[in-house]
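Written below as structure tokens is the structure these notes are about.
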Amino acid sequence: MAGPRGRRLRDAEAEARLFRRRALLGFGVVLLALSGLMGWYFKLQVLDHDDYAKRSQANRIKPRPVVPGRGLILDREGRILADNVPAYRLDVTPEDAGDRDALVAALSEVVELAPEDIERFEAAWKTTRGFRAIPLKLRISDAEAARFAVERWRFPGVELVPYLNRRYPYGDLLAHVVGYVGRTDEDDIARYGEGHAVFTHTGRTGLERYYDESLRGVVGYEQVETNVEGRALGRLGLVPATAGADLRLSIDVELQQAMVAAFGEMQGSAVAVDPKTGQVLAMVSLPGYDPNLFVNGISTADYRALMDDPARPLFNRNVLGGGPPGSIIKPFVALAGLDSGLRTPESRVFSTGEFFIPGQSRGYRDAGRGAGWVDLRDSISRSINYYYYQLAYEMGIDRLEEYMRRYGFGEPSGIDLTGETAGIVPSREWKAGQSREPWYPGETVIAGIGQGYWVATALQMVRGTAAIANGGTLHPLRLVAERRTGYDAPWVPLPAAQARRITDNPGHLRAVQEGMENTIHGRGTATAMARGAPYRMAGKTG
């Protein structure tokens with residue numbers, strides 16, 4: 001509509017309608033937005049309340065594993081052979097710690113980090129999940145712990161953690177028996193599972209390895225309240241850890257020390273057992289080494305010195321060694337001759353000094369020019385080879401093998417140490433697996449005096465000899481006699497392992513025993529041992 005002078009007149013009613021439409025639309029948008037916001041608040045506050053409450057609580061309350069103390073190892077008189085001492089270590093959580101190289105450089109200004117520490121830490125950083133703490137340095141000194149406590153604010157993700165560190169008070173005296181623990185690595189975690197990562201140390205050798213699961217105990221957990229900086233404010237809850245079991249050995253430290261002293265500067269191994277039970281009273285392998293070097297990671301220089309030593313101090317001669325038993329096998333061959341019916345204790349053979357297989361010109365020599373008429377007792381005490389050449393030839397290798405296995409050769413002794421070798425009993429089957437050559441009668445002859453393909457360990461020989469001494473019972477050898485599951489708990493004997501008989505004829509066994517007594521107290525090869533001794537002994541030279 002046009003007004004005076006041609007101007008358009010405003011339509012107030014139309015503008016009012018437009019305004020109302022726009023206001024209504026705006027109100028609807030605002031209402032929709034408020035509805036959405038209220039719905040979102042409802043979801044957060046009501047529907048997802050439990051989830052966010054748990055997350056909030058997790059930010060304030062953190063679970064922390066409680067690592068149990070490792071079980072003690074004691075000798076039969078209660079002397080501590082492996083114990084735990086308080087120590088501190090530095091743990092780093094990669095996802096909270098930032099740049100690795102910058103962190104190591106900064107920490108080196110506060111604590112002393114050896115090249116080996118840094119190398120192990122960097123290797124673990126590359127293979128460990130970011131949320132899992134990695135030990136950077138074990139055995140932090142008190143001065144270093146104090147410096148770090150002052151500077152802690154500079155190092156997020158780094159914690160000073162108290163723990164119990166393994167210690168071996170007797171050093172190298174029992175290194176090959178007790179063994180040692182080493183720092184837990186990825187292989188240990190893969191073997192035992194993710195939960196094993198909380199254990200800083202794992203058994204590596206000796207009893208520490210064999211009884212590792214029992215010694216390390218069961219992990220507990222505590223709920224720790226923290227502030228925004230992650231500093232602990234207090235403990236809200238606790239599931240206590242279960243300490244590892246203590247072990248009491250049959251070993252006697254004083255006897256062990258006497259055995260080592262008897263060797264002087266010589267190398268070798270020795271074992272003493274209780275014939276009635278098979279419990280080991282002393283066991284040495286010389287030279288030894290200090291197991292404390294390995295607990296927190298041995299230095300390169302120390303490890304190289306051990307590896308380059310021609311005497312091989314890390315080699316356990318009793319468990320991993322072995323060789324031809326020589327004449328020590330003769331009492332067992334003699335017993336086999338009796339039990340097989342080929343000989344009686346009074347049967348005599350005439351030793352000419354050289355045995356010949358019928359139809360062959362090659363001779364198998366004895367010491368001297370021949371011993372003349374020899375019975376079983378003489379053959380043992382004077383170590384007459386001829387007697388055993390002929391007996392082994394008559395017995396044949398198959399029957400000889402059968403009896404030697406009955407006496408415990410060719411199998412582990414059962415001792416509670418990992419990796420024991422089974423040795424070798426000469427046999428057709430064994431040779432067929434090694435060679436295409438047939439079995440020759442001459443190989444049977446020399447097997448009768450402990451030579452040829454024989455491999456026997458000191459543990460097998462002492463086990464078999466104990467069976468002769470105790471009346472014919474072959475006991476598995478054991479180092480651990482008792483265990484307890486708490487300091488105030490009673491000691492509980494370990495279940496006895498299954499034993500077996502080596503002969504059912506006491507007369508045959510007594511004849512062999514008399515031959516071994518005559519070795520020392522008669523006209524035998526070890527009479528010098530009996531001079532001045534107020535007691536009777538029995539044995540066999542080899």
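Hydrogens, waters and symmetry mates play no part in the numbers below; they use all other heavy atoms, side chains included.
More than 12 non-hydrogen atoms from other residues, nucleotides or ligands lie less than 6.0 angstrom from OH of Tyr192. With a 6.0 Å radius and a threshold of 12 heavy atoms from other residues, nucleotides or ligands, Arg183 has its CZ atom above the threshold. For Arg362, the CZ atom sits in a loose shell: 12 or fewer heavy atoms of surrounding residues, nucleotides or ligands are nearer than 6.0 Å. Sparse packing is recorded around CZ of Arg209, with 12 or fewer heavy atoms of other residues, nucleotides or ligands lying under 6.0 Å away. Other residues, nucleotides and ligands contribute at most 12 non-hydrogen atoms within 6.0 Å of the CD atom of Glu429.
The list of salt bridge (Lys or Arg N to Asp or Glu O under 4.0 Å) pairs with a residue in residues 497-508, not counting sequence neighbours, reads Glu411-Arg500. Applying the salt bridge (Lys or Arg N to Asp or Glu O under 4.0 Å) test to every pair with at least one member in residues 283-305, sequence neighbours left out, gives these pairs: Arg304-Asp308. Applying the salt bridge (Lys or Arg N to Asp or Glu O under 4.0 Å) rule to pairs touching residues 163-172 yields Asp83-Arg167, Arg166-Glu208, sequence neighbours excluded. Sorted by first and then second residue, the salt bridge (Lys or Arg N to Asp or Glu O under 4.0 Å) pairs involving residues 528-542 (not counting sequence neighbours) are Glu517-Arg536.
Gln460 and Arg463 are not linked by any side-chain donor-acceptor pair at a separation below 3.5 angstrom, with hydrogens and angles left out of the test. Judged purely by distance below 3.5 Å, without hydrogens or angles, the side chains of Lys330 and Ser379 never pair a donor atom with an acceptor atom. No hydrogens or angles considered: nothing links the side chains of Ser381 and Thr519 as a donor-acceptor pair under 3.5 Å. There is no side-chain donor-acceptor pair under 3.5 Å between Glu354 and Tyr364.
Across all non-hydrogen atoms, the minimal contact from Asn165 to Ala87 is CB-CB, 3.9 Å. A pairwise comparison of heavy atoms in Lys431 and Trp439 identifies CD-CE3, 3.7 Å as the closest pair. Minimum interatomic distance between Val67 and Ala241 (heavy atoms only, all atoms of both residues): C-CB, 4.4 Å.
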Could you pull out every donor-acceptor pair under 3.5 Å between side chains of residues 278-289 and any protein atom, sequence neighbours left out?
{"unit_1": "Ser285", "atom_1": "OG", "unit_2": "Phe315", "atom_2": "O", "d": "3.3"}
{"unit_1": "Ser285", "atom_1": "OG", "unit_2": "Arg317", "atom_2": "N", "d": "3.0"}

Counting only pairs under 3.5 Å, give me each side-chain donor-acceptor contact of residues 267-274, with atom names and distances, residues two or more places apart or in other chains.
{"unit_1": "Ser269", "atom_1": "OG", "unit_2": "Asn318", "atom_2": "OD1", "d": "3.2"}
{"unit_1": "Asp274", "atom_1": "OD1", "unit_2": "Lys276", "atom_2": "N", "d": "3.0"}
{"unit_1": "Asp274", "atom_1": "OD1", "unit_2": "Lys276", "atom_2": "NZ", "d": "3.4"}

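With sequence neighbours left out, Phe355 forms a ring pair (Phe, Tyr, Trp, His ring centres under 6.0 Å) with Tyr386. With sequence neighbours excluded, the residues satisfying salt bridge (charged side-chain N to carboxylate O under 4.0 Å, His left out) with Asp212 are Arg70, Arg216. Annotation: salt bridge (charged side-chain N to carboxylate O under 4.0 Å, His left out) contacts of Glu394 (sequence neighbours excluded): Arg343. Considering only residues two or more places apart in sequence or on other chains, Tyr210 meets the ring pair (Phe, Tyr, Trp, His ring centres under 6.0 Å) condition with none of them. Annotation: ring pair (Phe, Tyr, Trp, His ring centres under 6.0 Å) contacts of His475 (sequence neighbours excluded): none. Under the rule for a ring pair (Phe, Tyr, Trp, His ring centres under 6.0 Å), the partners of Phe350 that lie at least two apart in sequence or sit in another chain are Trp373.
In this structure, Arg248 does not pair ionically with Glu77, as no charged nitrogen and carboxylate oxygen lie closer than 4.0 Å. Remark: Asp398 engages Arg428 in a salt bridge, criterion side-chain N to carboxylate O under 4.0 Å. Between Arg382 and Asp366 no salt bridge is recorded (no basic side-chain N to carboxylate O distance below 4.0 Å).
Between the side chain of Ser435 and the backbone N or O of Ala432, no donor-acceptor pair lies under 3.5 Å. At least one donor-acceptor pair under 3.5 Å links the side chain of Asp246 to the backbone N or O of Leu72. Side-chain atoms of Asp75 come within 3.5 Å of backbone N or O of Val253 as a donor-acceptor pair. Counting only distance, with no hydrogens or angles, the side chain of Trp454 and the backbone of Ala447 share a donor-acceptor pair below 3.5 Å. A distance-only check finds a donor-acceptor pair linking the side chain of Arg76 to the backbone of Ser250 [under 3.5 Å]. Under the 3.5 Å distance criterion, the side-chain polar atoms of Gln360 are left unmatched by any main-chain donor or acceptor of Ile357. Between the side chain of His521 and the backbone N or O of Thr527, no donor-acceptor pair lies under 3.5 Å. Here the side chain of Tyr407 pairs a donor or acceptor atom with the backbone of Ala336 at under 3.5 angstrom. The main-chain N or O of Tyr168 is found under 3.5 Å from a side-chain atom of Asn292 such that the two form a donor-acceptor pair. Under the 3.5 Å distance criterion, the side-chain polar atoms of Asp188 are left unmatched by any main-chain donor or acceptor of Thr202.
Both the sub-6.0 Å distance and the 45° axial angle are not jointly satisfied by Arg204 relative to the ring of Phe294.
Taking 4.5 Å as the limit, some side-chain heavy atom of Tyr387 sits within range of a side-chain heavy atom of Leu376. Using a 4.5 Å heavy-atom threshold, the side chains of Ile502 and Tyr403 count as separate.
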